[in-house]
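Note: hydrogens, waters and symmetry copies are ignored here, and every other heavy atom, side chains too, is used. One-based numbering, in listed order, for ligands and for the atoms of each.
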Amino acid sequence: MSTTAPGSATGTVIGAPLDRIDGPQKVTGTAPYAYEHHVDNPLYLYPLHSDIARGRVARIDAGEAEALPGVIAVISHHNAPTLADTRDRELAILQSDEISFRGQYIGAVVAETFEVARHAANLVSISYDEDRHDATFTPDRDDLYTPEQLNAGFPTDTEEGDVDRAFSSAAVTMDETYTTPVEHNNPMEPHTSVAVWEAGDLTLYESTQGTHSVRRLVAKLFGLDRERVRVVTLHVGGGFGSKGLPHANTVLAVIAAQVVEGRPIKFALTRQQMFSCVGYRTPTVQRIRLGADENGRLTATSHDVVEQTAKIKEFAEQTAYATRTMYATETRRTTHRLAALDVSVPSWMRAPGEAPGMYALESAMDEMAIKCNLDPIEFRIRNEPELDAETGLPYSSRNLVACLREGAERFGWEGRDPTLRARQEGRWLVGTGVASGIYPVFRLPGSKVRISYRGDGRYAMEIGAVDIGTGAWTALTQIAADALGVGVESINLSIGDTDLPSASVAGGSSGITVWGSAIFEAARAFRERHGDDPAAGDTAEAGTPDNPDTENYSMHAFAAYFAEARVNEDTGEVRVPRMTGVFAVGNVINPKMARSQFIGGMTMGLSMALHEESLVDPRFGHVVNHDFAEYHIPTNADVGEMDVTWVDEDDPHVNPMGTKGIGEIGICGSPAAIANAVYHATGIRVRDLPITPDKLIH
Ligand code: MOS
């Protein structure tokens with residue numbers, strides 16, 4: 001373990017490429033993930049899923065399962081505890097015989113081993129009273145509705161000026177519709193709970209992005225005092241949002257722990273089960289209309305979105321959010337409409353809203369640049385806004401143009417022949433594409449940090465935040481060192497436990513902004529109270545302070561992406577041998593880990609562009625390709641050279657570290673760079689992700 005940062009003297013730890021503090025534990029297999037926490041005498045849970053999409057459970061015959069040696073309990077709505085709060089219909093499972101989507105939890109088998117539980121689950125015979133369901137997502141349904149607001153509280157629709165008039169009088173126009181499919185998060189570690197229910201106290205070892213949010217939710221659902229619920233999450237094998245909002249798997253584990261009181265329950269989803277109940281990226285249909293004057297300046301921008309939600313619970317994704325701020329335009333309109341279906345509830349997936357929205361917008365910008373006879377970089381630069389049009393505020397920093405220029409240089413954009421199908425190598429058509437990226441700087445409420453001096457030159461730094469694999473263990477240690485003016489070896493960080501001060505969820509790329517600001521505030525409070533020469537046991541606690549600059553500035557991270565695509569003329573196969581990503585994200589806490597976040601985000605962007613698609617069979621309402629054999633996520637063989645860098649950006653407004661979130665920006669825009677490169681290579685504009693061979697062979 002390398003704990004000596006280059007220049008780990010006061011104030012310089014931030015920015016040092018430290019190795020991961022948790023690296024040695026992880027590579028030696030000793031970092032405990034949720035399932036690996038030792039508990040005495042555990043039982044194993046295997047869920048029962050509904051085989052129909054709508055109706056009722058008529059009869060559950062568990063006789064054969066219960067007779068199997070090793071089976072402890074078969075749980076269903078007949079014997080599950082009554083929940084204290086059943087308003088959230090995604091989470092209030094086993095409260096009645098009602099079925100609202102295919103794959104819904106309708107019960108569970110608890111047994112001495114996982115294998116016995118799984119086998120017994122197959123022996124449970126369930127009959128249904130089936131109702132007609134509706135799982136067909138189309139944009140022309142007559143029952144689309146307007147949600148009150150979007151995810152993260154964004155307004156549903158916005159309008160500035162008369163878009164229709166500006167569009168009809170524009171010198172150049174485009175009007176196209178882009179679609180994106182259902183996609184499922186597939187972190188390497190599935191959703192996992194180990195639930196220990198003892199004398200009215202509940203301990204959960206949980207694979208989650210937010211220990212405190214799981215605690216709040218479980219306490220509410222089960223009518224427990226928060227103090228009686230402890231959630232522990234030391235390491236997480238990826239979340240991407242699917243572990244950001246708690247899902248019903250956690251509830252099922254706790255129900256089982258209550259039913260078999262006295263023995264802990266272990267529940268890890270199988271890969272196939274990851275496709276039914278832990279959220280997914282909503283499919284979108286996005287109509288974009290752009291109008292421009294003779295000089296390529298946008299006069300009209302309109303982005304109308306139709307997406308899917310579940311009848312039992314609304315999730316309204318902010319698909320057109322980025323379009324509200326990305327470019328200068330004289331008039332602008334964005335709208336969101338929802339189709340509520342008999343399906344499971346969509347939820348967060350890396351950059352919900354921005355990722356599918358930026359695919360459409362940045363594809364449209366490419367189409368429009370060509371119509372305006374402008375290089376796509378020049379076209380974007382011409383439409384750089386002075387202010388954030390949505391709020392009317394200046395940007396705290398906006399270095400998109402610097403990213404585009406730096407990227408053009410690194411990628412070798414200059415001299416690019418815009419002619420379609422201009423480059424061919426053997427049977428491979430070769431093209432290049434560019435796209436911009438944006439992601440907001442979110443601040444979530446509810447985080448606190450406690451600092452205690454241990455007396456041996458070391459400080460305990462405590463916050464119940466979660467490292468979902470991003471490197472938060474290391475980054476927070478670095479921030480703590482700088483905040484206290486000591487080296488990283490003086491910091492003992494504790495995270496991932498509700499026994500520690502509360503922390504917001506690791507979501508919205510907000511962790512470092514929120515938790516790091518609280519660390520700085522706690523360090524300030526500590527120094528104020530104890531001076532520079534503290535005694536053992538001295539302590540201070542502080543929350544994330546308000547940042548008055550959030551009222552005065554619009555805060556976003558920016559990026560530029562470049563991709564080379566090679567398309568086989570005979571097979572339609574697409575290869576992406578190289579991508580360049582240039583980021584403007586303020587200060588970078590740890591270049592080594594930031595690089596890996598950017599590469600990860602761009603790889604997920606490549607995956608979104610070329611591979612990922614959950615195929616829903618509307619006749620049954622389930623995802624057919626629910627495994628890694630048929631839901632492809634990229635392997636090493638799919639990923640070419642990922643060239644990643646960032647521009648120097650000093651943003652004094654965002655937070656004391658000067659950082660912007662980096663977890664999600666990598667997937668916002670990068671899929672469009674690939675789609676644009678495919679168009680340049682082939683002359684075929686695929687407006688329907690993913691770009692699979694069938695869409696390129698005519
Ligand atoms: Mo991320 S999709 O906000 O967890």
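Under the salt bridge (Lys or Arg N to Asp or Glu O under 4.0 Å) criterion, no residue pair touches residues 500-517, with sequence neighbours excluded. The stretch residues 542-557 participates, sequence neighbours left out, in no salt bridge (Lys or Arg N to Asp or Glu O under 4.0 Å) pair at all.
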Evaluate the criterion ring pair (Phe, Tyr, Trp, His ring centres under 6.0 Å) for residue pair Y105 and H49; output intermediate values, then yes/no.
-> CA-CA 5 Å; Y105 294 125; H49 294 273; 5.1 Å; yes

Worked check of side chain to side chain contact (heavy atoms under 4.5 Å, CB included) between V639 and L606 | CA-CA 8 Å; V639 184; L606 173 116; 4.2 Å; yes

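Listed by chain and number, the residues in a side chain to side chain contact (heavy atoms under 4.5 Å, CB included) with P181 are E183, E613, L689, P690 (sequence neighbours excluded).
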When you check ligand 1 against the protein, what N or O pairs turn up below 3.5 Å? List the atom names and distances, or just say none.
from	atom 1	to	atom 2	distance (Å)
ligand 1	3 (O)	G508	N	2.5
ligand 1	3 (O)	E664	OE2	3.0
ligand 1	4 (O)	Q209	NE2	2.9
ligand 1	4 (O)	G241	N	3.3

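Side-chain N/O atoms of N185 and W348 include no donor and acceptor closer than 3.5 Å.
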